[in-house]
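Each chain gets a letter, A, B and so on, in the order its sequence line appears, and its residues count up from 1. Not measured: the values here are computed from a predicted model. Atoms considered below: every heavy atom in the structure, side chains included; atoms not considered: hydrogens, waters and symmetry mates.
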There are 2 protein chains.
Amino acid sequence: MERKRGTVRDLRRDNRSVLLWSLYFDQPMSRQDLSQATGLSPASVSNVTRELISEGVVVEAGSVDSDGGRPRVLLRMNPDYGYVIGVDVGETRIRVELFDLMMTVRAKADYPLNPHEHGAGKVVDGILAGLAAVLADGAVDSSAVLGVGIGVPGVVEQGSEALVHGQTYDWDAVPLESMLRAGGTELPLYIDNGAKTMGQAELWFGAGRGAQNAVIALIGSGVGASIITNGSTYRGSTSSAGEWGHTTVMVGGRTCRCGSSGCLEAYVGAEAILDRYGSLRGGPPLPGDDQESALAALISAAATSPPAAEVLDGTVRYLGAGIAGLINLFNPERIILGGWAGLLLGERSLPAIREAARQHSLRQPFAETSIELCRLGPDAVALGAATLPVERLLNGAATPAAAGTNRSASLTTG
Amino acid sequence: MERKRGTVRDLRRDNRSVLLWSLYFDQPMSRQDLSQATGLSPASVSNVTRELISEGVVVEAGSVDSDGGRPRVLLRMNPDYGYVIGVDVGETRIRVELFDLMMTVRAKADYPLNPHEHGAGKVVDGILAGLAAVLADGAVDSSAVLGVGIGVPGVVEQGSEALVHGQTYDWDAVPLESMLRAGGTELPLYIDNGAKTMGQAELWFGAGRGAQNAVIALIGSGVGASIITNGSTYRGSTSSAGEWGHTTVMVGGRTCRCGSSGCLEAYVGAEAILDRYGSLRGGPPLPGDDQESALAALISAAATSPPAAEVLDGTVRYLGAGIAGLINLFNPERIILGGWAGLLLGERSLPAIREAARQHSLRQPFAETSIELCRLGPDAVALGAATLPVERLLNGAATPAAAGTNRSASLTTG
DNA sequence: CGCCTTATTTCATGACGTGATTTAACTCAC
DNA sequence: GTGAGTTAAATCACGTCATGAAATAAGGCG
């Protein structure tokens with residue numbers, strides 16, 4: 001998100017953007033509050049506000065207070081100014097959700113995916129079907145949609161057309177964007193890595209609110225992370241930053257599915273945990289075909305089963321070491337542990353994880369970091385993806401399309 | 001380095017800053033070149049340029065070219081607009097260097113430090129003496145000094161007055177800034193971690209030039225790093241970001257001087273390498289009281305001595321794993337290996353280090369990353385520290401003091 | 001020496017943010 | 001009720017800025 005500078009018009013756009021961000025996260029606010037929060041003069045707030053209201057992005061929402069003076073008029077975002085869609089391309093299903101501007105869900109659609117059949121074509125079909133379904137279900141015209149955010153597993157190469165490199169899916173440079181275009185959609189698309197979109201969801205609405213520097217650590221079958229620096233997602237030079245799972249925590253250790261050895265993921269990923277438990281017991285895998293119930297079973301077994309406890313203790317230790325590395329390197333205000341396996345582990349062992357992290361990190365940065373659990377659950381990928389077009393709106397993209405059937409159209413100003 | 005926005009005057013400052021950065025790193029340039037490089041209109045370049053010339057920051061430096069048209073007038077920074085001082089507080093000495101704006105050395109001074117006597121008082125005395133010495137030696141009046149950058153070991157807490165937490169020195173919240181003030185200096189001070197200043201030196205003038213995302217990995221007696229994100233040094237929430245040395249690469253491994261175990265530093269720091277070699281041989285430490293010659297001796301012994309070769313091979317492997325972690329997490333364009341021990345290792349084994357890093361990192365980000373050696377040598381700490389006040393100047397700090405005896409003072413404009 | 005070419009400056013214009021000033025919208029005491 | 005008091009918001013006049021267009025400067029070339 002570069003900020004072009006130069007002309008005096010860009011300045012206006014910047015100020016407008018600052019004001020929108022402020023309002024978005026602190027609704028409702030009076031013009032006066034906004035002036036304080038943004039540092040802009042009351043006069044400027046008044047001007048920018050008029051513009052925003054006439055565009056329909058912002059609406060007045062009643063007045064409040066008055067101990068003797070003119071009451072403050074409260075301002076809100078207009079949730080119906082436009083809609084956004086979030087797509088979560090998961091291992092077993094595609095989920096599509098329609099939100100209004102304030103991220104209230106308006107419609108949902110799920111498309112199951114055969115775990116062993118991840119052809120890009122299937123995924124594209126699922127997404128397109130989901131888009132049509134939520135638009136119909138929510139009774140929203142596509143012209144009112146600001147954009148569609150899509151969270152996918154794997155690295156997304158942002159170019160003129162986004163390319164997806166999916167390790168898990170065995171995708172190699174899949175041109176998802178142009179495939180969707182070929183499928184007929186004309187909605188603005190924002191494609192990003194699912195861990196990053198989920199991180200952004202936590203950053204905006206979950207345990208990360210207000211953080212400038214944070215790492216959202218995600219543990220599912222595999223291990224990933226979303227890195228927040230200076231208040232926004234860090235992507236690195238080719239958008240693959242945050243691949244935390246393949247950090248070496250044990251040189252010469254267990255072989256990882258990435259081909260290397262000693263990776264963090266080879267110890268704390270759900271698959272690895274179950275595998276370690278299996279080889280310790282020497283028996284067959286735990287009950288339940290899916291990892292989720294198997295891991296839950298392992299965790300509840302730990303109370304009585306020494307081998308299960310041993311595996312989990314080891315997991316906590318490796319995880320703590322991995323988190324400590326993040327603390328030392330990034331010096332974040334917050335580490336947020338998520339992903340379905342991360343939540344299972346965290347619910348049982350957060351204090352132990354904190355202690356392990358303490359042991360492996362430097363005193364000073366550790367003392368400045370809080371380690372918490374995600375608040376939004378594992379379904380936040382779609383939510384986070386849907387924030388991408390909202391982010392663009394807040395950053396001042398020119399009114400996209402005519403967006404908004406629901407505007408109060410009193411443009412008679414002056 | 002926040003960029004305050006709001007008024008139209010800030011816009012001017014921003015444009016001025018963009019122009020200065022461009023000119024600083026691409027001297028000399030004509031106004032036309034600048035217009036192209038910055039995206040500003042020729043008219044604006046002309047205006048801003050006039051201002052800069054009248055202030056004395058920029059000077060015209062001859063014209064060039066002319067295949068039929070008016071020749072381009074070349075512009076340069078005025079190296080004598082003001083001076084900056086860089087201080088390197090090392091383990092065995094304090095080094096103070098005086099530079100002009102283009103970082104040409106004008107004077108140097110060294111103050112030896114007893115390795116076992118790192119009292120803050122001694123250090124402050126040394127710095128103050130050094131400042132006086134270089135100013136005298138360089139025949140520069142203190143009013144012409146834009147600022148003093150000081151690179152120290154340990155974490156620097158940037159508050160209203162910088163506090164230094166030095167692990168190595170056993171410093172705990174030493175108020176270095178106010179101590180120097182109490183010592184009588186009135187020069188603007190910029191205190192930062194030495195690894196970060198060295199990283200900035202490489203970023204500006206060394207192997208990091210032009211990189212937007214890079215990590216400068218420093219190996220000396222200990223191990224540190226300087227992280228560059230989006231073109232500038234990343235500091236994290238309390239400026240301790242970049243503590244790479246205590247990343248766990250071997251859970252339950254060697255005890256580290258930080259108190260934890262399995263830290264990268266416990267394997268690839270010079271002290272650790274020598275220690276590992278010592279315990280492998282079972283004999284006394286290598287010849288040479290200082291680590292530097294001992295490590296050099298170990299490296300040259302590796303050609304004939306199997307134990308030495310074994311230790312170094314292990315070191316390469318651990319180092320590669322550590323670097324791989326940086327590649328995965330940060331997805332940088334470049335990893336730059338430095339520090340005196342890093343250079344010794346790198347000169348002998350860079351290809352092996354690259355290979356080890358490849359084995360432990362993901363294919364895609366590894367392919368996008370080049371791994372190189374530092375170009376400026378271990379003395380770049382002072383140089384990098386001295387860039388701090390220059391950075392401030394380029395970012396558009398109001399002309400600090402009256403800076404510059406050497407200005408052409410024709411301020412008669414319109 | 002005049003014409004051509006290219007770099008730089010000048011000029012008029014339109015936007016913008018802001019402090020000061022007005023106007024708007026209420027409360028409250030009487 | 002009604003006027004004084006109080007606070008929020010809008011308006012105004014002003015100064016600053018970047019910019020495209022036009023003018024000017026500075027050289028080459030025939």
Aromatic ring proximity Phe330(B)/Phe330(A), centre distance under 6.0 Å: yes
Touch class at under 4.0 angstrom, heavy-atom based, for Val73(B) against every strand present: sugar-phosphate
Given DNA chain C, 5'-ward residue of the pair Val48(A) and Gln32(B), judged by closest heavy atom: Gln32(B)
Polar contact flag, side-chain donor to acceptor under 3.5 angstrom, Thr7(A)-Asp10(A): no
Whole-Å distance separating the CZ atom of Arg72(B) from the P atom of dG28(D): 14 Å
Leu52(A) CG - dA10(D) P separation (whole Å): 12 Å
Atom-pair distance (CE on Met29(A); P on dA8(D)), nearest Å: 14 Å
Interatomic distance, Asp14(A) CG vs dC17(D) P [rounded to whole Å]: 17 Å
Donor + acceptor pair across side chains of Thr229(A), Asn213(A) (<3.5 Å): no
Short side-chain N/O contact from Arg12(B) to OP1 or OP2 of dA18(D), under 4.0 Å: yes
Under 4.0 angstrom between Arg50(B) side-chain N/O and dT8(C) OP1 or OP2: no
N/O (side chain, Ser41(A)) to phosphate O (OP1/OP2, dT18(C)) under 4.0 Å: yes
Interatomic distance where CD belongs to Glu51(B) and P belongs to dC17(D) [whole Å]: 8 Å
NZ/NE/NH1/NH2 to OD/OE distance under 4.0 Å, Arg12(A) and Glu51(A): yes
Residue list, side chain to side chain contact (heavy atoms under 4.5 Å, CB included) with Val73(A), at least two apart or on another chain: Arg31(A), Glu60(A)
Pick out the pairs of N or O atoms, protein on one side and nucleotides 26-30 of chain C on the other, that lie under 3.5 Å.
{"from": "dC26(C)", "atom 1": "O2", "to": "Gly68(A)", "atom 2": "O", "distance (Å)": "3.1"}

Test log, rule salt bridge (charged side-chain N to carboxylate O under 4.0 Å, His left out), inputs Arg9(A) and Asp14(A): CA-CA 9 Å; Arg9(A) 214 180 226 105; Asp14(A) 273 19; over 6 Å; no
Rounded distance (Å) that lies between atom P of dA7(C) and atom CG of Leu34(B): 13 Å
Distance test, side-chain N/O of Ser30(B) to OP1/OP2 of dA7(C), below 4.0 Å: no
Asn15(A) CG - dA15(C) P separation (whole Å): 17 Å
Leu101(A)/Leu393(A) under side-chain contact (heavy atoms from CB on, under 4.5 Å): CA gap, chis, key distance, verdict: CA-CA 10 Å; Leu101(A) 253 200; Leu393(A) 175 71; 3.8 Å; yes
Donor on one side chain, acceptor on other, Ser44(A) and Ser41(A), under 3.5 Å: yes
Short side-chain N/O contact to dT18(C) OP1/OP2 from Thr7(B), under 4.0 Å: no
Leu11(A) CG - dG14(C) C1' separation (whole Å): 15 Å
Taking only nitrogen or oxygen atoms into account, show me every contact under 3.5 Å that the protein makes with nucleotides 12-15 of chain D, one pair per line with its distance.
none

Ring geometry between Phe205(B) and Phe25(B) (parallel below 30°, tilted from 30 to 60°, perpendicular above 60°): tilted
Donor + acceptor pair across side chains of Gln200(A), Thr233(A) (<3.5 Å): yes
